[in-house]
A.B. asks: 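To start, I am sharing the structure in question, which I have written as structure tokens.
Because the structure is predicted, anything quoted here is derived from the model rather than measured. Residue numbers begin at 1 in each chain, while the letters A, B, ... track the order of the sequences.
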Amino acid sequence: MAEISNIRSVKGMHDLLPASSRVFSRIEAEMRRVFSQYGFSEIRTPVVEETRLFSRGIGEETDIVAKEMYTFLDRDGTSLSLRPENTASAVRAYIEHGMAVSDPVARWYYAGPMFRHERAQKGRYRQFHQIGAEIFGISDAAADAELMHMLMDFAAAVGVSGGRLGINSLGCAACRPAYREALKSFAVGVRERLCEDCGRRIETNPLRVLDCKKEPCRAATENAPASADHLCADCAAHFARLRSALDAFGDTYEVDRRMVRGLDYYNRTTFELSAAAPAEEGGDGAGLGAQNAIAGGGRYDGLVEILGGRPTPAVGFAVGLERLAMLSPWAADPLPPAVRVFVMAVGEGTLEPAAALASGLRRRGVSVEFDGSDKGFKAKFKRADKSGAVVAAIVGEDEARRGVCAVKSMTAAMLPGGEKQAEVPVADAAAYIETVLRHEA
RNA sequence: GUGGGUAUAGCUCAACCCGGUUAGAGCACUGGACUGUGGCUCCAGUUGUUGGGGGUUCAAAUCCCCUUACCCACCCCA
């Protein structure tokens, strides 16, 4: 006991007690409602995949793969990993089930836990939850725009609005290398003005220099070449098409020349939905802390092929469920009552009629908390009150002997007959209570 | 991996700065007033190795050191 009481949840992995789990559930219900309106269907992929799926798909050099995966050996020596994100798995499933042949245009969404071994902080956890959507088989930027529109629609549906949608284009395999070199030589030119981290980034990932938060770095890269200005003709046309499609959907967005996304597989379109800045930074006070990205996404036209499928264009996004929940006004809503009726059995010979009544009510679709414990009336009424039940059904020894049951209104509202408590035969009680509930509702 | 902050009852906190008897309050919980009936009120009760270890001192929740956990931030990202 002494030792076991020290067991806590693993760092960065948290329990969701009813008050928070309800917010998650409501958000997921909105996800299903909104996404299905856009023709998306839910997929569920395993939490564990072969490690090489992620190292090949997300990129060997990314922080996620290089140092944040929960990796272990299976009994046969295969390296497995807890998924750090869901896109690679979705692509694997798309290929594995031959979607390219049977149903090349797939619109999928998912929700579930992801795992990254990072230092936890506000809005960033080792087990966290993402909601995401992917469209396979369409290269036209109208798909990108529709996806963003769905994201904005979804955020609004859970009460989160006022976010900022930033978009950018990273180019493709044809134009990105040249841009990367141009940016790199620019960065080398201003190296003395950059921070230590950025000095390193010039070699490891020059695009990252652009989104450094430090003011000196931002000033130094003020006139850095932007990827949007170095696109090949096809990518430029795609980006222009994206903007007109966003206009067509009526979304407001900002072209963010500094926006870079961390996963290797992105090409062309990238986008990010970020929360309004917190009050101390002059925003309207949305409390997300330093992790203000609610959702991120982009196009990954090369990924299906990289993972062994036939070339298939694709776009997707992922939303941080914890972050969305923090911003949702639902987080402040009180937990609604769990049941409408409280059935209590008090004393000898009362269990059977009371249990039959509870079952009868539940069969009629009425939620019931049943108390057959050895406590007295007072204690059970206290429980009944706390449960939030509107009606209490009491089977005491006296009632059981006479084949009846007492029905009491727990609210100010009276029973149909005008009294607060009535006695009805147990056999009729379920039907009677059902009508009472209809009146009290 | 690197910084900073915090740690007192189940929860929110007081007492710490300036060491001084049995470490308090509200909420919650249990019981009673009300012999088989909740809410409101009143009364009573339970709850702590003051995160852990060491040191200073006649005396440590309080001062010092170490350690652990959590939080926040860097990094990175949802």
Side-chain angles (χ1 to χ4, degrees), chain A residues 2 5-12 14 17 19 58 61-68 83-87 111-132 151 155 195-198 200-201 204-205 208 211-214 259-263 271-275 278 287-298 316-327 342 344-347 350 371 375-400 406-412 420-421:
Chain A
S5 70
N6 291 332
I7 298 182
R8 303 167 140 267
S9 69
V10 171
K11 183 198 286 290
H14 302 289
L17 268 24
I58 300 171
E61 305 305 320
T62 59
D63 279 13
I64 292 178
V65 170
K67 49 190 195 196
E68 296 174 359
R83 62 182 181 196
E85 54 99 57
N86 214 153
T87 296
M114 309 296 158
F115 304 84
R116 293 183 197 172
H117 194 114
E118 300 179 274
R119 188 78 155 234
Q121 70 181 72
K122 190 180 180 74
R124 196 181 69 185
Y125 311 104
R126 290 186 173 181
Q127 174 176 331
F128 61 106
H129 298 78
Q130 284 187 335
I131 285 174
L151 170 62
C195 69
E196 201 180 318
D197 287 330
C198 285
R200 234 183 317 109
R201 288 175 182 130
T204 59
N205 192 349
R208 281 252 159 261
D211 72 346
C212 182
K213 287 174 192 160
K214 298 194 183 76
M259 196 178 68
V260 173
R261 299 208 51 80
L263 285 49
F271 59 98
E272 194 168 291
L273 177 61
S274 39
L288 250 197
Q291 309 301 325
N292 72 335
I294 304 169
F317 69 74
V319 187
L321 188 41
E322 282 81 0
R323 294 181 186 179
L324 196 59
M326 272 189 263
L327 295 173
F342 191 95
M344 62 180 83
V346 193
T350 60
D371 189 346
K375 305 238 185 213
F377 286 90
K378 195 183 183 74
K380 284 175 178 167
F381 268 97
K382 280 194 172 174
R383 276 292 318 150
D385 189 48
K386 278 190 61 176
S387 77
V390 172
V391 168
I394 306 107
V395 182
E397 293 180 353
D398 184 39
E399 286 83 357
V407 176
K408 179 175 181 177
S409 165
M410 297 297 289
T411 63
K420 179 131 186 170
Q421 186 165 330

A.B. asks: Checking base pairs now: Watson-Crick or wobble, both atom distances under 3.5 Å. What partners B:rA25?
C.D. replies: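 WC or wobble partner is B:rU12.
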A.B. asks: When rounded to the nearest 0.5 angstrom, what distance separates CD1 in A:Ile131 from CG in A:Leu321?
C.D. replies: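 A:Ile131 atom CD1 to A:Leu321 atom CG measures 4.5 Å (nearest 0.5 Å).
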A.B. asks: Could you work out the separation of B:rC40 and B:rA28 based on their P atoms and round it to a whole Å?
C.D. replies: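 The answer is 8 Å between these two P atoms.
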A.B. asks: Which nucleotide, if any, forms a Watson-Crick or G-U wobble pair with B:rG39, using both distances under 3.5 Å?
C.D. replies: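 For B:rG39, the partner nucleotide comes out as none, under the 3.5 Å rule.
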A.B. asks: With respect to the phosphate group of B:rC76, does any side-chain polar atom (N or O) of A:Arg201 fall under 4.0 Å of OP1 or OP2?
C.D. replies: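 A:Arg201 to B:rC76 OP1/OP2: side-chain N or O found under 4.0 Å.
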A.B. asks: Between protein and nucleotides 36-48 of chain B, map the contacts as a letter string: B base, S sugar-phosphate only, - none, heavy atoms under 4.0 Å, written 5' to 3'.
C.D. replies: BBBB---------
A.B. asks: Evaluate A:Lys67 against A:His117 for side-chain contact (heavy atoms from CB on, under 4.5 Å), listing each step before the verdict.
C.D. replies: CA-CA 8 Å; A:Lys67 49 190 195 196; A:His117 194 114; over 6 Å; no
A.B. asks: Drop me the distance from A:Ile64's CD1 to A:Phe115's CZ, to the nearest 0.5 angstrom.
C.D. replies: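 Rounded to the nearest 0.5 Å, the CD1-CZ separation comes out at 14.5 Å.
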A.B. asks: What does B:rG48 pair with, Watson-Crick or G-U, if both distances are under 3.5 Å?
C.D. replies: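 With both distances under 3.5 Å required, B:rG48 matches none.
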A.B. asks: Just the rounded figure in Å: distance from P of B:rA69 to CZ of A:Arg126.
C.D. replies: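 Those two atoms, CZ and P, are 11 Å apart.
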A.B. asks: Looking at every strand, decide which applies to A:Gly123 at a 4.0 Å heavy-atom threshold: base, sugar-phosphate, or nothing.
C.D. replies: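 Base, at least one base atom sits under 4.0 Å.
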A.B. asks: State whether the distance check finds a donor on one side and an acceptor on the other, under 3.5 Å, for side chain A:Arg119 versus base B:rC75.
C.D. replies: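 No, the side chain and the base share no sub-3.5 Å donor-acceptor pair.
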A.B. asks: Can you check the A:Asn292 CG to B:rC76 P distance for me, whole Å?
C.D. replies: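 Rounding to the nearest Å, CG of A:Asn292 and P of B:rC76 are 14 Å apart.
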A.B. asks: I'd like the C1' distance from B:rU46 over to B:rU30, given in whole Å.
C.D. replies: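 Looking at atom C1' only, B:rU30 and B:rU46 are 7 Å apart.
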A.B. asks: I need the minimum non-hydrogen distance between A:Thr62 and A:Leu263, along with the two atoms involved.
C.D. replies: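 Closest pair (atom of A:Thr62, atom of A:Leu263, distance): CG2-CA, 4.4 Å.
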A.B. asks: If pairing requires Watson-Crick or G-U wobble contacts with both distances under 3.5 Å, which nucleotide is the partner of B:rG1?
C.D. replies: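 Matched B:rG1 with B:rC74 under the 3.5 Å cut-off.
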A.B. asks: Mind checking the P distance from B:rA25 to B:rC18? Whole angstroms is fine.
C.D. replies: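 Approximately 27 Å lies between the P atom of B:rA25 and that of B:rC18.
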A.B. asks: Which donor-acceptor pairs under 3.5 Å do the side chains of residues 387-400 of chain A make with protein atoms, sequence neighbours left out?
C.D. replies:
from, atom 1, to, atom 2, distance (Å)
A:Ser387, OG, A:Ala384, O, 2.7
A:Ser387, OG, A:Ala389, N, 3.1
A:Glu397, OE2, A:Glu348, N, 2.7
A:Asp398, OD2, A:Arg402, NH2, 3.2
A:Glu399, OE1, A:Gly396, N, 3.0

A.B. asks: Does A:Arg116 use its side chain to pair, donor to acceptor, with the backbone of A:Tyr125 at less than 3.5 Å?
C.D. replies: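 Flag not set: sc A:Arg116 to bb A:Tyr125 has no pair under 3.5 Å.
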A.B. asks: Starting at NZ of A:Lys214 and ending at P of B:rC74, how long is that distance when rounded to a whole Å?
C.D. replies: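 Rounded to the whole Å, the gap is 9 Å.
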A.B. asks: Does a side-chain N or O from A:Gln121 land closer than 4.0 Å to OP1 or OP2 of B:rA73, or not?
C.D. replies: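 Answer yes for this pair, as a side-chain N or O of A:Gln121 is under 4.0 Å from OP1 or OP2.
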A.B. asks: Tell me which nucleotide, if any, is Watson-Crick or G-U wobble paired with B:rU56 when both distances must be under 3.5 Å.
C.D. replies: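 Paired with B:rU56, as far as the under-3.5 Å criterion goes, is no nucleotide at all.
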A.B. asks: Write down the distance separating the C1' atoms in B:rA61 and B:rG20, rounded off to the nearest Å.
C.D. replies: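 It comes out at 13 Å once rounded to the nearest Å.
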A.B. asks: For B:rA69, give the paired nucleotide (Watson-Crick: N1-N3 plus N6-O4 or O6-N4; G-U: N1-O2 and O6-N3; both under 3.5 Å), or none.
C.D. replies: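 Here B:rA69 is engaged in a pair, and the nucleotide opposite it is B:rU6.
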A.B. asks: Expressed in whole Å, how much space separates the P atoms belonging to B:rA33 and B:rC71?
C.D. replies: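 Here B:rA33 and B:rC71 have their P atoms 46 Å from each other.
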A.B. asks: For B:rU8 and B:rU49, measure between their C1' atoms and round to the nearest Å.
C.D. replies: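 One C1' to the other, the span is 12 Å.
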A.B. asks: How many whole angstroms separate atom CD of A:Glu322 from atom P of B:rC72?
C.D. replies: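 Rounded to whole Å, this separation is 13 Å.
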A.B. asks: When the C1' atoms of B:rG51 and B:rC34 are considered, how many whole Å apart are they?
C.D. replies: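 It works out to 44 Å between them.
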A.B. asks: With distance as the sole criterion, do the side chain of A:Arg124 and the base of B:rC75 form a donor-acceptor contact below 3.5 Å?
C.D. replies: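 Checked by distance alone, the answer is yes.
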A.B. asks: The side chain of A:Lys122 is closest to which nucleotide in this list: B:rC76, B:rC72, B:rC74?
C.D. replies: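 Closest nucleotide among those given: B:rC72.
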A.B. asks: Taking NZ in A:Lys420 as the centre, count heavy atoms belonging to other residues, nucleotides or ligands within less than 6.0 Å. Is the count above 12?
C.D. replies: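 Yes.
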A.B. asks: Of A:Asp63 and A:Lys375, whose nearest nucleotide on RNA chain B comes first from the 5' end?
C.D. replies: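 Nearer the 5' end of the strand: A:Lys375.
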A.B. asks: Checking side-chain polar atoms at under 3.5 Å, does A:His129 have a donor or acceptor matched by the opposite partner on A:Glu322?
C.D. replies: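 Judged by distance alone, the side chains do pair up.
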A.B. asks: Ignoring the backbone of A:Arg8, work out which of B:rA73, B:rC71, B:rA69 is nearest its side chain.
C.D. replies: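 Shortest atom-to-atom distance from the side chain points to B:rA69.
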A.B. asks: Any side-chain heavy atom of A:Phe317 sitting closer than 4.5 Å to one from A:Leu273?
C.D. replies: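 Contact flag for A:Phe317/A:Leu273 side chains = no.
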A.B. asks: Reckon A:Lys67 touches a base, only the sugar-phosphate, or nothing at all at heavy-atom distances under 4.0 Å?
C.D. replies: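 The answer is nothing, as A:Lys67 stays clear of every strand by at least 4.0 Å.
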A.B. asks: What interatomic distance, in whole Å, is found between C1' of B:rU50 and the corresponding atom of B:rG24?
C.D. replies: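 One C1' to the other, the span is 12 Å.
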A.B. asks: Using whole Å, report how far CD of A:Glu118 lies from P of B:rC75.
C.D. replies: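 For the pair A:Glu118 CD and B:rC75 P, the rounded distance is 13 Å.
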A.B. asks: Given B:rC75, is OP1 or OP2 found less than 4.0 Å from the side-chain N or O atoms of A:His117?
C.D. replies: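 It does not, given that no N or O in the side chain of A:His117 lies less than 4.0 Å from OP1 or OP2 of B:rC75.
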A.B. asks: Measure CD/A:Glu68 against P/B:rG1 and give the value in whole Å, please.
C.D. replies: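 About 13 Å, once rounded to whole Å.
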A.B. asks: Remember a base hit wins even if backbone is also touched, and classify A:Phe342 as base, sugar-phosphate or nothing at under 4.0 Å, heavy atoms.
C.D. replies: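 A:Phe342: no heavy atom of the nucleic acid under 4.0 Å.
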A.B. asks: Quick one: label A:Ala384 by what it contacts on the DNA or RNA (base, sugar-phosphate, nothing), any heavy atom closer than 4.0 Å.
C.D. replies: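 Nothing, no nucleic acid heavy atom in range.
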A.B. asks: Report yes if some heavy atom in the side chain of A:Cys198 is under 4.5 Å from a heavy atom in the side chain of A:Lys214; otherwise report no.
C.D. replies: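 The answer is no; the side chains never approach within 4.5 Å.
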